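To start, the structure under review is shown below, and the notes come after it.
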Amino acid sequence: MAIKKLLSPILLLLGCAYAQLQSQNNTFNSTFRLTSQQIKAANLSETTAHNVEVALNFERSNNAGSLTQDDPFYVLPKDYDYANPPPPGTVLKVEEHTNISLYTLPMGLSMSRILYSSEALNGSSVPASAYVLWPYLPRTFSKLTPYSDTNSSGQALFPVVALAHGTSGQTTACAPSNLRGLWDDFHEPFAIALAGYAVVAPDYVGLGVAEISTYFILPAHANDVFHGVAAAQKAWPDQLSQEFVVAGQSQGGAVAWASAQRQAKRPVKGYLGTMAASPFTNVLADISADAMAENNARVVGIAQGLNSVLPTFSLSDWLTDAGIARWKLLHEIQGCGATGGQLFNTGARTVPILRDGWNTSEAAMWFSNVTTNGGRPFAGPMLVLQGTDDPNANEPVTTLSVNKTCAMYPDNQLEYIRWENITHVPVLYAGQHLWLDWIRDRFAGVEAPKGCSTQTMKPPSRINGAGFKGWASQTWFLEYDVYGI
Ligand SMILES: *[C@@H]1O[C@H](CO)[C@@H](O)[C@H](O)[C@H]1NC(C)=O
Ligand SMILES: *[C@@H]1O[C@H](CO)[C@@H](O)[C@H](O)[C@H]1NC(C)=O
Ligand SMILES: *[C@@H]1O[C@H](CO)[C@@H](O)[C@H](O)[C@H]1NC(C)=O
Ligand SMILES: *[C@@H]1O[C@H](CO)[C@@H](O)[C@H](O)[C@H]1NC(C)=O
Ligand SMILES: *[C@@H]1O[C@H](CO)[C@@H](O)[C@H](O)[C@H]1NC(C)=O
Ligand SMILES: *[C@@H]1O[C@H](CO)[C@@H](O)[C@H](O)[C@H]1NC(C)=O
Ligand SMILES: *[C@@H]1O[C@H](CO)[C@@H](O)[C@H](O)[C@H]1NC(C)=O
Ligand SMILES: *[C@@H]1O[C@H](CO)[C@@H](O)[C@H](O)[C@H]1NC(C)=O
Ligand SMILES: *[C@@H]1O[C@H](CO)[C@@H](O)[C@H](O)[C@H]1NC(C)=O
Ligand SMILES: *[C@@H]1O[C@H](CO)[C@@H](O)[C@H](O)[C@H]1NC(C)=O
C-alpha cells in the first residue's frame, strides 16, 4: 500500500512515459472464469463457484511464468519411448539455468530443473521432474564424512539435501518446481539452501510431467526421492556430493520416513539419515482424529492415488457422485490445493463428498498397510519433529508410531522431539536451528546417539508465562514483485 501511495503521484507526473502498473492486491494474474456448464456439472452453489475462481486465479498467479501444463520444460523429449522407457534414475532433460527472475527465491540462490525417470509402486519406470536449488557457496565441514566431500581435483562439492515436499495438490499444475516460491519456500528449501546445501527436490510423479499423481502412495513418492537424487548426481557429477540427507514435512515428513524404511530394504550409497517433521505415520488415524472438514480434499486425493495403483478400486468406492463430479472439475481446470479446498472442504458442509464407510473399506486397509510409517525397519539415524498442537498430523498418532518403532528396534537411532504448543508448519521454524544442526552433523560425520530418545521442548518460562497468547502461525505468503524494487 505504501508503495502504491508513493508511486501514484510520480505516475501522474510522468504520464504515459511508463507502462501502466498492475494492481497486486486482489487482482491475480488470471481472468479464469468457470463456464455455466462446469458450474452445473459440478453442482456448485454461486458462492462455491466464486470461491473456486478466486482460488484458481490465486494459484495461477503463483506459477513461475507460464502454467505448468503450458511450460515446454515439462514436455518429454521427442525420443522418449513410452513402450520401452529408460530405467529409473535416467536423466531425460536438464535445464541448467532456470529463469529465476520468474521465481521469488532469496537473493544469492540459483536454480536448475531436470526431467528424469522415477519408479512407480509396481516397479515400472515413469517420468518425473525435479528442481535443484543452488546456494552461492557449498557448505564445508571441519571433519570429513565417511565419503568424500570434494571431487578428484579437490573442489568442494555441494552437500545434497533431498527434499520431500508437502502437499501442493494432485494435478499436473501443482509442481513445486514451477511455483514461484517452490511451494515450501522458507519453511524448508530456502532455509536449507541458504545454509549451504544443494536442495534436490522431486515433484512427485504426476505433478509437472503429465501423469496421474499417485497422491500419498508413500513408497512411490520415496522412489521419486531416491531416483531424483540419483538423476541429479548424474547431471552434476562434479557439483553434487554422493552423500545426502532426506528431509521433509507433513506429506513430505511421511515421505521422508517412508524413505528411511525404503533405505532399510534397498540401501543406496551416500544415505546419511532422515529428518521427518510433522510426519503422517498412520494417515487414516490422523484423519479420523481430526474433526476438520479440511481432510476431505486429502481423502479425495488419496482416492485418486489408490485408483491409479489398486486395480480393484474405483473412485465411486469412496466418493459420492457429487465428489466425483467435483474431482473431475478439479482436473479439468487443473486446480491445486487452494482450489481443492474450496471444492471439497467448504462445499462438503452442504454436499457430502465421501461415502460412509470409506475408511473401513478393504481399500482403506490396503492403503494403510502400504503407507504405514513406524513399527517397520528403517535406516537410522532419524530425527522426528512433532508439534503437540498439530491438528493435522496428530501428536498422539506420531508418538504411538515412534513408540512402536522404538520397542521393535531399540538399537537403531531415532531422536524424537516434541514441541509444546506448536502446530503443523511452525515446528519447522520453532526447531529450525536444531534440525539444520542435525543435518550438518550427519555430513560432518558426527555419530548420532544410539537407541531411541524422546525430548519435549518448551521455551523459557518468562517467554511462555502468564498471559502467553501462543506462537505465531503463518499470516503471510510470498508475493511476486511486479514493481521491480
Ligand atoms: C485493490 O486495488 C484497487 C486499485 O488500487 C482498489 O480499488 C481496491 O480497493 C484494492 N482492494 C483491496 C482489497 O485492497
Ligand atoms: C446440488 O447441491 C444441492 C446443495 O447445494 C443439493 O441440495 C442437491 O441435491 C444437489 N444436486 C445433485 C444432483 O447432487
Ligand atoms: C501473467 O501471466 C502471463 C501468461 O501466463 C505471463 O506471460 C506474465 O508474465 C504473467 N505476469 C506476471 C506479473 O506474473
Ligand atoms: C526471464 O523472465 C523474465 C521475466 O518474465 C523475462 O523478462 C526474461 O526475458 C526471461 N529471460 C529469458 C532468458 O528467457
Ligand atoms: C504400473 O503402474 C503404473 C501406474 O503407477 C501403470 O501405468 C502401469 O500400467 C503399471 N504396470 C503394470 C505392468 O502393471
Ligand atoms: C571438480 O569440480 C570443479 C568445480 O565444479 C570442476 O571445475 C572440475 O572440473 C572438477 N574436476 C573433476 C576432475 O571432476
Ligand atoms: C471412519 O470415519 C468416521 C466418520 O468420520 C469416524 O467416526 C471413524 O472413527 C473412522 N473410523 C476409522 C477406523 O478411522
Ligand atoms: C501388507 O503388505 C505386504 C506387502 O507389502 C503383504 O505381504 C502383506 O500381506 C500385507 N498385509 C495385509 C494385512 O494386507
Ligand atoms: C509412548 O511412550 C512413552 C514413554 O514410554 C509413554 O509415556 C507414552 O504414553 C507412550 N505414548 C503412546 C501414545 O503410546
Ligand atoms: C502450552 O502447553 C501446555 C502443556 O501442554 C499447556 O498447559 C498450555 O495451556 C499451553 N499454552 C497455550 C497458550 O496453548
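Small disclaimer: the values here were computed from a predicted structure and weren't measured. Each ligand, and each atom within it, is numbered from 1 in the order the structure gives.
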Pairs flagged by salt bridge (charged side-chain N to carboxylate O under 4.0 Å, His left out) wherever residues 418-438 is involved - sequence neighbours left out: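 Pairs touching residues 418-438 that pass the test: E395-R418, D437-R440.
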Could you find the nearest protein heavy atom to [atom] and give me its residue, atom name and distance?
atom	answer
atom 12 (C) of ligand 8	N369 ND2, 3.2 Å
atom 1 (C) of ligand 9	N403 ND2, 1.4 Å
atom 2 (O) of ligand 7	N359 ND2, 2.3 Å
atom 13 (C) of ligand 7	T360 CG2, 4.2 Å

Student check: side-chain heavy atoms of E119 and F226 closer than 4.5 Å: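 Of all side-chain heavy-atom pairs linking F226 with E119, none is under 4.5 Å.
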Y204 side chain reached by V255 side chain, heavy atoms, under 4.5 Å: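 Side chain of V255 against side chain of Y204, heavy atoms only: contact under 4.5 Å found.
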Backbone N/O of I353 and side chain of T320: donor-acceptor pair under 3.5 Å: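 Checked: pair present.
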Heavy-atom pair of closest approach, residues D203 and S177: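 Smallest interatomic distance, heavy atoms only, reads OD2-OG, 2.6 Å.
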Ring centre gap for F477 and F58 strictly below 6.0 Å: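 Here the rings of F58 and F477 have centres that are less than 6.0 Å from each other.
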Under-4.0 Å protein heavy-atom contact, atom 4 (C) of ligand 7: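 Given the 4.0 Å limit, the answer for atom 4 (C) of ligand 7 is no, no protein heavy atom qualifies.
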Exercise check, heavy-atom protein proximity under 4.0 Å to atom 9 (O) of ligand 9: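 For atom 9 (O) of ligand 9 the answer is no, since every protein heavy atom stays at 4.0 Å or beyond.
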Those atoms of ligand 9 less than 4.0 Å from some heavy atom in T399: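 By the 4.0 Å cutoff, the relevant atoms are 1 (C), 11 (N).
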